[in-house]
Amino acid sequence: MPTSTKPIPPPPSPPPAGALVEDQPEIRDSWSRLIASFPDFVCACMCSSGEEAMRLIPPLQPDVVLMDIFLPRMSGIECTARLKGLLPKTRILILTAADDEEMVFPALEAGADGYLLKQARPADLRDALNEVLNGGVPMTSGIARRVVEYFRERGKVRDELVNLSGREKEVLLLLSKGYSNKEIAANLSLSVETIHGYLKHVYEKLHVRSRAEAVAKYMSSKNS
């Protein structure tokens, strides 16, 4: 009689590997110890600068990188953009103390897959790692609210621009290029008084009170 053989189970998949980029030794050591305490996660390497990260991380091809923003010389935002260009499948989770828009949005535009504050609890970091490895975009709640409000405001600006007439859009475009009312009038073969009238309508429709505010809204819509 033929003997039956049990199929050999496939070897277990290795745990996800990560890399940590942090310039302050005490913080780097603290976070690495915390990550090492997670039984289903391996810290493949620790880097003290963006330059070191660019040397060590690409050959390892880790599943996720924990990235600080304020690094010496090459910033964490620049490092994120460069790593994403080399390792598009590697997830990058920003781990920083900065929670203002001047850092959050450039980091996300550079390719970051999540944004967590260093004040986060160990359980929050564990959850964020699991989420980002499963395709999510983990964010501290306050940051998430700002992102939602930011894009909601962008949507409002686009809706306001849609309400402008063709001529009003032409006036606003020239305004954004730094043209004076007289130069706009000459460019469009209109009188200065007519340009004043168009600008009044532009201000009303965009809910602004000055040239600077009108240009700022227009430029924000172009960058959305």
Nearest heavy atoms of [X] and [Y], plus distance in Å:
X: Ala97; Y: Gln119; answer: CA-OE1, 4.2 Å
X: Cys45; Y: Ile57; answer: SG-CG1, 4.0 Å
X: Asp23; Y: Arg28; answer: O-NH1, 3.4 Å
X: Ala53; Y: Val21; answer: CB-CG2, 3.9 Å

In the hydrophobic clustering that connects Ile, Leu, Val, Met, Phe, Trp and Tyr at side-chain heavy-atom distances below 4.5 Å, which members other than Val42 occupy its cluster, ordered by chain and number?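 Once heavy-atom contacts under 4.5 Å are chained together, Val42 still belongs with nothing else.
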Transitive ILVMFWY cluster of Leu56, excluding itself - 4.5 Å side-chain cut-off: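 Reading the cluster by chain and number, Leu56 sits alone, since nothing else belongs.
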Hey, does the side chain of [X] reach the backbone of [Y] with a donor-acceptor pair shorter than 3.5 angstrom?
X: Lys205; Y: Asn163; answer: yes
X: Asp63; Y: Pro16; answer: no
X: Glu131; Y: Ala128; answer: no

Show, in sequence, the C-alpha distance, side-chain angles and deciding distance for Leu83 and Thr90, and conclude whether the side chain to side chain contact (heavy atoms under 4.5 Å, CB included) test is met. CA-CA 8 Å; Leu83 284 176; Thr90 294; over 6 Å; no
When clusters are formed by joining ILVMFWY residues with side-chain heavy atoms under 4.5 Å apart, either directly or through shared neighbours, do [X] and [Y] land in the same one?
X: Val65; Y: Ile69; answer: yes
X: Phe70; Y: Ile77; answer: yes
X: Trp31; Y: Leu60; answer: no
X: Leu95; Y: Val64; answer: yes
X: Leu20; Y: Phe41; answer: yes

Go through Leu66 and Leu116 one step at a time and tell me if the side chain to side chain contact (heavy atoms under 4.5 Å, CB included) criterion holds. CA-CA 10 Å; Leu66 300 180; Leu116 199 66; over 6 Å; no
In Å, rounded to the nearest 0.5 Å, how long is the span from [atom1] of [X] to [atom2] of [Y]?
X: Tyr179; Y: Leu173; atom1: OH; atom2: CG; answer: 8.5 Å
X: Ile94; Y: Leu108; atom1: CD1; atom2: CG; answer: 8.0 Å
X: Lys169; Y: Leu175; atom1: NZ; atom2: CG; answer: 16.0 Å
X: Leu133; Y: Leu93; atom1: CG; atom2: CG; answer: 9.0 Å
X: Asn134; Y: Arg91; atom1: CG; atom2: CZ; answer: 9.5 Å
X: Ile195; Y: Leu188; atom1: CD1; atom2: CG; answer: 5.0 Å

Give every residue pair that meets the side chain to side chain donor-acceptor pair (under 3.5 Å) criterion with at least one member in residues 48-62, sequence neighbours excluded. Ser48-Glu52
Side chain to side chain donor-acceptor pair (under 3.5 Å) contacts touching residues 78-88 (sequence neighbours left out):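 Residue pairs passing side chain to side chain donor-acceptor pair (under 3.5 Å), neighbours aside: Glu78-Arg82, Lys84-Asp113.
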Just wondering, do [Y] and [X] contact through their side chains at under 4.5 Å, heavy atoms?
X: Thr96; Y: Tyr115; result: yes
X: Met67; Y: Glu22; result: no
X: Leu125; Y: Pro122; result: no
X: Leu172; Y: Leu206; result: yes

Residues which pass side chain to side chain donor-acceptor pair (under 3.5 Å) with Arg209, listed by chain and number, not counting sequence neighbours: none
Across all chains, not counting sequence neighbours, the side chain to side chain donor-acceptor pair (under 3.5 Å) partners of Asp124 are Arg121
Starting from the C-alpha separation in whole Å, work towards a yes-or-no answer on side chain to side chain contact (heavy atoms under 4.5 Å, CB included) for Asn187 and Leu174. CA-CA 9 Å; Asn187 191 280; Leu174 294 174; 3.7 Å; yes
Report the C-alpha separation of Ile27 and Lys118 in whole Å, then their side-chain angles, then the decisive distance to 0.1 Å, and conclude whether the side chain to side chain contact (heavy atoms under 4.5 Å, CB included) test is met. CA-CA 9 Å; Ile27 297 178; Lys118 287 181 177 178; 4.1 Å; yes
